[in-house]
Amino acid sequence: MEQTFSLPDVVSLCEEEDSLVILDQTQLPAREVFLKIDNEEELIDAIVRLKVRGAPAIGVAAAAGLYVCFARTLANITSAQLMQTEFQALANRIRASRPTAVNLSWALDRMTVLFKQWIAGKDKISSTDFQEIKTLLRVEAVRIKEEDIEMCKQIAQHGVGLIASGSRILTHCNAGHLAVSRYGTALAPIYLAQACGLNPKVYADETRPLLQGARLTAYELMRFGVDTTLVCDNMAASLMSQGMIDMIMVGCDRIAANGDVANKIGTCGLAVLAHYYKIPFYVLGPTSTFDPHTPTGKDIVIEQRSASEVTDLHYIHRMAPEHVGVYNPAFDVTPAALVTAYVTEKGVFRQIQDFQ
């Protein structure tokens, strides 16, 4: 798979300086535009406006971004107490940028634990001390990305066993290379299947209202040579009713302790249809997406986004009447009972309890 994978990484730390480079996904598929980020405002704007998106990629960007902002703004602080206060405040502001994707908090927690362990017992911070913690934080941010790449490889290895020659797969939103450090979650087994000569056929939901399926999933699948057909979200039932779908593979932004899955809005509807038509419904993601502190899907905070994404964003002219009410949640929650199996870097599990 690596030999034939040509897409650039979506999140990278600059080797020469303390800055973060992301592929601006709001520009795709028309243009590949890379943005250099070196301050908090740009980082939070990139996360909120979905210039970087996908739960694992957001986590990687948050960790790297926390390092960059720390390295550029806190170098002159000599009080350990003040540095710890400022570091925690910075991490909390980044954490608040998108509340549903658990990987963001998970990555920031890793960086924060490392920082707190290092600073414990210190009163003053010298320039040598600052260089030491700066190096430690950079190494941890790079490690988080490298671990995510390895997890995606393992998800591909475990998930490819579910795919037969010529399998017809429906996917939703974008859970591919553009949503992670490299390869993807839901799309990773598809890429491996393609590399192994299984020639899967993928139906990509356009995924209203932000069209991640049309703009991103179709873009990267076609770059890899996968047979790809774009469909509107409301065409999924038609495909299933005609026996044209063998399985559904989706990613996840947060998995509650009971196995309920928060993912892009529209995922739950696919799961209900799959259950009715007796089609396997697979959820793919790293174990970092599992949140044991959230008991059920009802406890997951669902991000509500701007009405303009529905009424204006992808239209030359506004397509809805002024002042009409708009409901625009970014995610919905699929009950665990509708999930056929969870595919993680640790294997394929039919019950959530099997990999806790």
message = Between R138 and D18, does any NZ, NE, NH1 or NH2 come within less than 4.0 Å of an OD or OE carboxylate oxygen?
response = yes
request  = Give every residue pair that meets the salt bridge (Lys or Arg N to Asp or Glu O under 4.0 Å) criterion with at least one member in residues 19-34, sequence neighbours excluded.
outcome  = E32-R223
message = If hydrophobic clusters are built by linking Ile, Leu, Val, Met, Phe, Trp and Tyr wherever their side-chain heavy atoms come under 4.5 Å apart, do V250 and M151 end up in the same one?
response = no
task = Check whether the side chains of D299 and T294 place a donor and an acceptor atom closer than 3.5 Å, and report yes or no.
result = no
T289 side chain to D253 backbone, donor-acceptor under 3.5 Å = no
Residues D109, R95: salt bridge by 4.0 Å N-O rule = yes
message = Between Q88 and Q84, is the side chain to side chain donor-acceptor pair (under 3.5 Å) condition met? List the steps.
response = CA-CA 6 Å; Q88 190 63 65; Q84 183 163 353; over 6 Å; no
key: Y191 side chain to E220 side chain, donor-acceptor N/O pair below 3.5 angstrom   = yes
message = Other members of the hydrophobic cluster containing M222, with the 4.5 Å side-chain heavy-atom rule, please.
response = none
message = Other residues, nucleotides and ligands only: do more than 12 of their heavy atoms fall within 6.0 Å of CZ on R72?
response = yes
note = Cluster membership besides I300, Ile/Leu/Val/Met/Phe/Trp/Tyr side chains within less than 4.5 angstrom, sorted by chain and number, is I302, F331, V333
task = Begin from the C-alpha positions of S288 and N103 and carry the test side chain to side chain donor-acceptor pair (under 3.5 Å) through to its verdict.
result = CA-CA 6 Å; S288 59; N103 302 66; 3.1 Å; yes
ask   = Which pairs pass ring-ring contact (aromatic ring centres under 6.0 Å, His included) with one or both residues in residues 12-48, sequence neighbours excluded?
value = none
remark   = One should read off an interatomic distance between L108 CG and I58 CD1, to the nearest 0.5 angstrom, of 11.0 Å
ask   = Does V102 share a hydrophobic cluster with F290, counting links as ILVMFWY side-chain heavy atoms below 4.5 Å and allowing steps through other members?
value = no
inquiry  = I'd like to check the salt bridge (charged side-chain N to carboxylate O under 4.0 Å, His left out) partners of K145; sequence neighbours left out, ordered by chain and number.
reply    = D9
request  = Might you point out which heavy atoms bring I37 and A46 nearest each other, and give the distance in Å?
outcome  = CD1-CB, 3.8 Å
request  = Return the orientation label for the F87 and F70 ring planes: parallel under 30°, perpendicular over 60°, tilted otherwise.
outcome  = perpendicular
inquiry  = Are L216 and I22 linked, directly or through intermediate hydrophobic residues, by side-chain heavy-atom contacts shorter than 4.5 Å (ILVMFWY only)?
reply    = yes
inquiry  = Clusters formed by hydrophobic residues whose side-chain heavy atoms approach within less than 4.5 Å: which one holds V310, and what are its other members?
reply    = V324, V326
Pairwise distance SG(C232) to CG(D205) - rounded to 0.5 angstrom = 9.0 Å
ask   = Is the side chain of N199 donor-acceptor paired with the backbone N or O of G166 at a distance under 3.5 Å, no angle test?
value = no
inquiry  = Distance check, rounded to the nearest 0.5 Å: T112 atom OG1 versus L66 atom CG?
reply    = 6.0 Å
message = Side chains of Q242 and S238: any donor to acceptor distance under 3.5 Å?
response = yes
request  = Would you confirm whether E345, through its side chain, and E150, through its main-chain N or O, come within 3.5 Å as a donor-acceptor pair?
outcome  = no
request  = Would you kindly say whether N174 and R215 are connected by a side-chain donor-acceptor distance under 3.5 Å?
outcome  = no
Shortest non-hydrogen contact from V301 toward T100 = O-OG1, 2.6 Å
ask   = Can you list the steps and then say if R93 with L90 is a side chain to side chain contact (heavy atoms under 4.5 Å, CB included)?
value = CA-CA 5 Å; R93 290 192 295 271; L90 173 61; 4.0 Å; yes
